[in-house]
Amino acid sequence: MNIRNVFLFLIMLSPFVAIQNSFAYHNLNNIFESTFIFRSLPGMPVNFEIDGGTLGGSNGLAIVEDACEEWDGLPNVPDFCGNLNQLDTDITSSNFNSLVPQNDGVNTIVFDEDGSILADLGVPGVLGLGLTSFNTASGLITDITILINGSIPSSASADLLATVIHEMGHTWGFAHVPIGGINTTNSVEGFDRISPSAIPTMYPFAIPLDDRFGRTLESDDLGAALLNYGP
């Protein structure tokens with residue numbers, strides 16, 4: 001499977017045909033007492049506990065650092081990543097529930113080296129998963145867990161760095177952006193053709209032709225960040 005993760009969103013064709021950029025800047029949200037609320041972090045930067053295991057056959061901390069550098073490079077928004085503290089312990093399916101309790105206020109990035117944790121969660125085969133706990137009344141995110149599937153070798157069809165960047169976006173409060181999903185390689189009447197290199201990182205699948213294009217943030221990713229965290 002080259003599905004990036006299991007966040008599912010309905011894509012209505014009629015507004016998509018009318019104007020693609022109407023889908024820009026989609027943020028996760030909820031309704032509380034008839035009020036529309038964006039989910040967002042209460043403050044930045046965000047500190048993370050990093051799995052002591054490996055990712056892609058090497059220390060995954062370097063991949064996380066590169067992902068943070070990409071998000072922290074966005075203009076006019078605060079840095080997203082703070083301290084990255086790598087644990088001495090390898091988080092596995094046998095100790096995941098004890099080491100990574102939900103909603104404990106500790107933000108954790110897990111390298112699921114054999115895919116067993118994601119399988120236990122009922123989503124085997126996905127590249128990654130971003131989980132957040134949040135206050136339903138305020139929308140403020142209170143806890144982050146990011147799981148990266150290390151059982152799938154990093155490649156042009158499933159890039160590990162692009163996956164980490166994408167899942168971080170979900171835990172900042174950003175939803176999927178389907179821009180570029182229809183006509184990256186073929187011209188379709190009513191659409192402007194989009195180069196795969198310009199598809200937003202928050203596109204819900206591996207980037208067509210080369211998933212490594214997901215390593216860089218695009219204008220729609222910046223738009224989502226500015227909407228929630230800009231000046």
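This structure is a prediction, so every number in the text was calculated from the model and none was measured. All residue numbers refer to positions in the sequence shown, counting from 1. The figures here come from the full heavy-atom set of this structure, side chains too, leaving out hydrogens, waters and symmetry mates.
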Disulfide (SG to SG under 2.5 Å) pairs, two or more places apart, involving [range]:
range	answer
residues 97-163	none
residues 50-149	C68-C81
residues 199-231	none
residues 105-134	none

Members besides L140 in its Ile/Leu/Val/Met/Phe/Trp/Tyr cluster (side-chain heavy atoms under 4.5 Å)
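Listed partners: none, L140 stands alone.
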
Who clusters with I37? Use side-chain heavy atoms, under 4.5 angstrom, across I, L, V, M, F, W and Y, and order the result by chain and number.
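Members besides I37, by chain and number: F32.
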
Do F96 and V106 share a hydrophobic cluster (ILVMFWY, side-chain heavy atoms under 4.5 Å, transitive)?
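No, F96 does not connect to V106 through the hydrophobic network.
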
Which heavy-atom pair separates A67 from M168 by the least distance, and what is that distance?
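The pair with the smallest heavy-atom distance is CB-SD, 3.9 Å.
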
Could you tell me which non-hydrogen atom of E49 sits nearest to which non-hydrogen atom of L87, and how far apart they are?
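Answer, listing the atom of E49 first, then L87: OE1-CD2, 3.0 Å.
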
Once ring-ring contact (aromatic ring centres under 6.0 Å, His included) is applied, what residue pairs with a partner in residues 209-230 remain, sequence neighbours excluded?
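For residues 209-230, and leaving out neighbouring residues, the ring-ring contact (aromatic ring centres under 6.0 Å, His included) pairs sorted by first residue read F80-Y229.
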
Can you tell me which residue pairs pass the side chain to side chain donor-acceptor pair (under 3.5 Å) test with a partner in [range], sequence neighbours excluded?
range	result
residues 54-81	T54-E113, N59-Q86
residues 140-151	N103-T142, N149-S151
residues 88-101	T92-S94, S93-S116

List for me each residue that meets salt bridge (charged side-chain N to carboxylate O under 4.0 Å, His left out) alongside D210, sequence neighbours excluded, and say none if there are none.
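Applying salt bridge (charged side-chain N to carboxylate O under 4.0 Å, His left out) to D210 gives R212.
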
Would you give me the side-chain donor-acceptor pairs under 3.5 Å for residues 118-131, sequence neighbours excluded?
none

I'd like to know whether T171 forms a side chain to side chain contact (heavy atoms under 4.5 Å, CB included) with I146, so could you lay out the CA-CA distance, the side-chain angles of the two residues, the decisive distance to 0.1 Å, and finally the verdict.
CA-CA 8 Å; T171 57; I146 295 173; 3.7 Å; yes

